[in-house]
Amino acid sequence: MAVYLDDVSRTFGEYLLIPGLTTKKCIPSNVNLQTPLVKFADSEKPAVELNIPFVSAIMQSVSGPELAIELARNGGLSFIFGSQAVDEQANMVHKVKKFKAGFVVSDSNLTPDDTLADVLRTVKKTGHSTIGVTHDGTCNGQLLGLVTSRDYREEKDPTNMKVKDFMTPFSKLIVGQSGISLTEANQILWENKLNSLPVIDRNRHLVYFVFRKDYDSHRDNPDELSDETKQLLVGAGINTRDYRERVPALLEAGADVLCIDSSDGYSEWQQETLRWIKETYGEGVRVGAGNVVDRDGFEYLVAAGADFIKVGIGGGSICITREQKGIGRGQATALIDVVRARDAHYRQTGVYIPICSDGGLVHDYHMVLALAMGADFLMMGRYFARFDESPTQTLRVGNNYVKEYWGEGSNRAQNWQRYDLGETEALKFEEGVDSYVPYAGKMKDNLAVTLGKIRATMCSCGAVSIRELQRHAKITLVSSTSIVEGGAHDVILKEHN
């Protein structure tokens with residue numbers, strides 16, 4: 001006989017937060033949204049922490065390098081989508097890691113005998129306008145000069161002009177010596193009004209560049225998620241088929257954390273993938289697993305070595321798994337069940353396993369509910385797909401601007417690995433739709449509003465950290481009538497032009 005669960009499968013929209021005591025310390029500027037990304041022992045600090053509790057979904061229409069860069073600059077983390085060739089995904093990860101590194105190893109280098117045509121090709125290929133001129137054209141050759149966009153006029157100068165004829169020669173460069181600190185390098189930039197500072201060793205070989213824009217970026221983004229070398233953090237999605245080839249390439253490209261991307265994570269394929277990664281690389285390589293919706297799935301993946309667990313099946317706005325297969329669970333109920341299992345595991349072992357709530361978020365206050373129910377961070381697709389930085393086109397449909405948004409389970413994505421049952425590669429039926437989302441503009445502007453709401457709501461709950469919210473939040477079920485009461489009602493709304 002089948003096992004029947006007594007609880008009702010509930011969504012976030014069926015709950016409200018009850019206000020707590022708002023003390024004088026409970027002001028938005030005091031709210032700390034830092035949260036662990038990967039597991040840690042009670043006496044340790046997490047190896048990776050987020051500065052805001054947001055990660056972007058492992059989706060073609062969401063997590064490209066541009067969005068990954070912008071989200072990391074604002075304190076969150078993206079998982080570059082894995083439904084593409086290994087080298088293409090690795091290149092996207094590399095692009096994020098190279099965006100801002102404080103001390104940057106140059107990947108734009110030429111020799112004095114190269115031409116302006118070579119300069120233009122290099123700029124187009126790398127996107128970098130500062131080119132190191134070395135004796136052999138490598139990133140560690142002897143520095144002979146520098147080329148920037150101020151050294152040539154693309155419209156007028158002949159493309160066969162030699163680099164040595166228009167570069168800024170070494171004799172006119174201000175340089176730093178190897179061993180200089182980042183603070184000292186930035187001071188030289190400011191004192192000499194430079195945009196870049198080459199750093200050389202005692203034999204005049206190029207070692208690094210330091211860029212003024214990196215300093216400005218950090219000042220403008222105080223929550224930036226970066227490592228000790230000032231490189232942005234980035235994650236990458238993997239599957240349970242080609243992980244032996246994909247994982248090494250992603251780690252070489254610099255991925256800081258991996259996540260198995262699957263609609264149903266309670267499987268032996270995920271167990272095998274996790275165990276291979278841990279046996280091959282040890283605990284130094286962090287990898288999340290999922291998705292699961294109950295205690296059994298959580299405990300299975302934790303035993304296999306998962307560093308965080310992703311919760312949610314069928315709750316995404318473009319996901320039709322429940323409709324197609326009758327598989328899933330209301331996101332709130334699933335999260336509550338898995339969090340109870342996580343807390344029990346923590347009490348028994350002293351090891352804390354972060355929980356990622358994936359899907360089911362319709363309103364911003366749902367985010368606070370998910371965090372209050374025990375999620376450590378939230379994975380979102382639709383939310384991020386609306387922004388300039390997502391990889392899809394901005395279109396005009398009727399009188400509205402929209403962005404394309406499609407599920408990994410749609411035929412457009414052809415991401416059969418995500419729905420792996422160990423058989424053929426073809427998608428037999430779709431578990432995701434192809435759609436549009438309203439265009440919303442720049443990520444930073446929208447994040448500021450959302451995070452402002454989260455901080456204000458947490459203050460009303462008497463909490464200035466996510467851990468305090470989880471310990472002290474009071475949550476109530478609501479009736480269908482009270483949901484109506486919660487919006488504007490019994491009035492005639494004004495129309496705004």
Side-chain angles (χ1 to χ4, degrees), residues 11-13 33 35 37 50-64 66-81 223 225 233-237 257 259 261 263 288 290-291 308-319 321 331-332 334-335 354-392 403-409 413 418 432-433 435-454 457 466:
T11 68
F12 294 128
L33 294 177
T35 189
L37 179 71
L50 302 171
N51 292 327
I52 63 171
F54 292 171
V55 299
S56 66
I58 310 170
M59 301 174 68
Q60 293 175 6
S61 56
V62 178
S63 293
E66 289 76 17
L67 188 130
I69 288 168
E70 188 62 15
L71 183 51
R73 293 174 73 195
N74 284 279
L77 181 128
S78 286
F79 287 91
I80 299 294
F81 67 92
D223 290 328
L225 191 65
L233 300 192
V234 62
V257 61
C259 185
D261 181 28
S263 66
N291 286 17
F308 66 85
I309 300 294
K310 204 143 65 78
V311 176
I313 294 177
S317 60
I318 42 70
C319 183
T321 293
Q331 186 66 14
L335 182 59
I355 297 297
C356 171
S357 181
D358 177 16
L361 301 172
V362 179
H363 304 293
D364 287 353
Y365 82 88
H366 290 171
M367 300 176 189
V368 187
L369 273 168
L371 295 171
M373 288 176 177
D376 296 281
F377 57 98
L378 315 173
M379 178 171 280
M380 297 182 288
R382 179 188 59 85
Y383 180 85
F384 290 112
R386 305 171 301 146
F387 301 149
D388 284 328
E389 295 83 1
S390 75
T392 64
K403 294 206 75 173
E404 294 181 293
Y405 180 47
W406 60 90
E408 290 297 290
R418 193 172 194 272
V433 299
S435 64
Y436 300 117
V437 288
Y439 168 66
K442 293 184 178 299
M443 179 193 296
K444 192 175 186 67
D445 297 337
N446 287 275
L447 268 181
V449 174
T450 297
L451 295 174
K453 290 181 185 179
I454 290 175
T457 304
I466 293 173

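Quick note: residue numbers are just sequence positions, from 1. Just so it is clear, the values below take in all heavy atoms, side chains as well, and ignore hydrogens, waters and symmetry mates.
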The ring-ring contact (aromatic ring centres under 6.0 Å, His included) partners of Phe54 (sequence neighbours excluded) come to none
Keeping Asn51 on the side-chain end and Asp223 on the backbone end, is there a donor-acceptor pair under 3.5 Å? yes
Checklist entry - With no hydrogens and no angle check, is any side-chain donor or acceptor of Ser63 less than 3.5 Å from a backbone partner on Ala57? => result yes
In terms of heavy-atom contacts, Leu361 and Arg382 come closest through O-NH2, 3.2 Å
- side chain to side chain contact (heavy atoms under 4.5 Å, CB included) evaluation trace for Gln331 with Thr11: CA-CA 5 Å; Gln331 186 66 14; Thr11 68; 5.9 Å; no
Parallel, tilted or perpendicular for His366 and Phe12, by the 30°/60° rule?
tilted
Looking only at heavy atoms, the pair that brings Pro354 and Phe377 closest together is CB-CE2, 4.1 Å
* Asked: Does Ser390 use its side chain to pair, donor to acceptor, with the backbone of Phe387 at less than 3.5 Å?
  -> yes
> If we ignore angles and hydrogens, is there a donor and acceptor under 3.5 Å between the side chains of Ser61 and Thr392?
Replying inline: no
Rounded to the nearest 0.5 Å, the CE atom of Met59 sits from the CG atom of Asp261 at a distance of 9.0 Å
What side-chain donor-acceptor pairs closer than 3.5 Å can you find for residues 368-375, not counting sequence neighbours?
none

* Asked: Is a donor on one side and an acceptor on the other found under 3.5 Å between the side chain of Asp364 and the backbone of Thr450?
  -> no
Sorted by chain and number, sequence neighbours left out, ring-ring contact (aromatic ring centres under 6.0 Å, His included) with Tyr439 holds for none
Query raised in the report: Taking C-beta and beyond as the side chain, do Thr457 and Met367 meet within less than 4.5 Å on heavy atoms?
Result: no
Between Asn446 and Ala440, is there a donor-acceptor pair closer than 3.5 Å when you use the side chain of the first and the backbone of the second?
yes
The reported gap from OH in Tyr383 to OH in Tyr405 (rounded to nearest 0.5 angstrom) is 13.5 Å
So SG of Cys259 and CG of Asn291: to nearest 0.5 Å the spacing works out to 7.5 Å
Looking only at heavy atoms, the pair that brings Met379 and Cys356 closest together is CB-SG, 3.5 Å
Between the CG atom in Leu233 and the CG atom in Leu225, the distance rounded to the nearest 0.5 Å is 4.0 Å
When rounded to the nearest 0.5 Å, the distance separating CD1 of Ile466 from CD1 of Ile52 is 10.0 Å
d(Ile454 CD1, Leu378 CG) to nearest 0.5 Å is 7.0 Å
For this session: Check whether any side-chain N or O of Asp376 sits under 3.5 Å from a backbone N or O of Ile355 as a donor-acceptor pair, and report yes or no.
Result: yes
Report task. Spell out, as yes or no, whether a donor-acceptor pair under 3.5 Å connects the side chain of Glu70 to the backbone of Met443. Result -> no
Looking only at heavy atoms, the pair that brings Ser78 and Leu71 closest together is OG-CD2, 3.6 Å
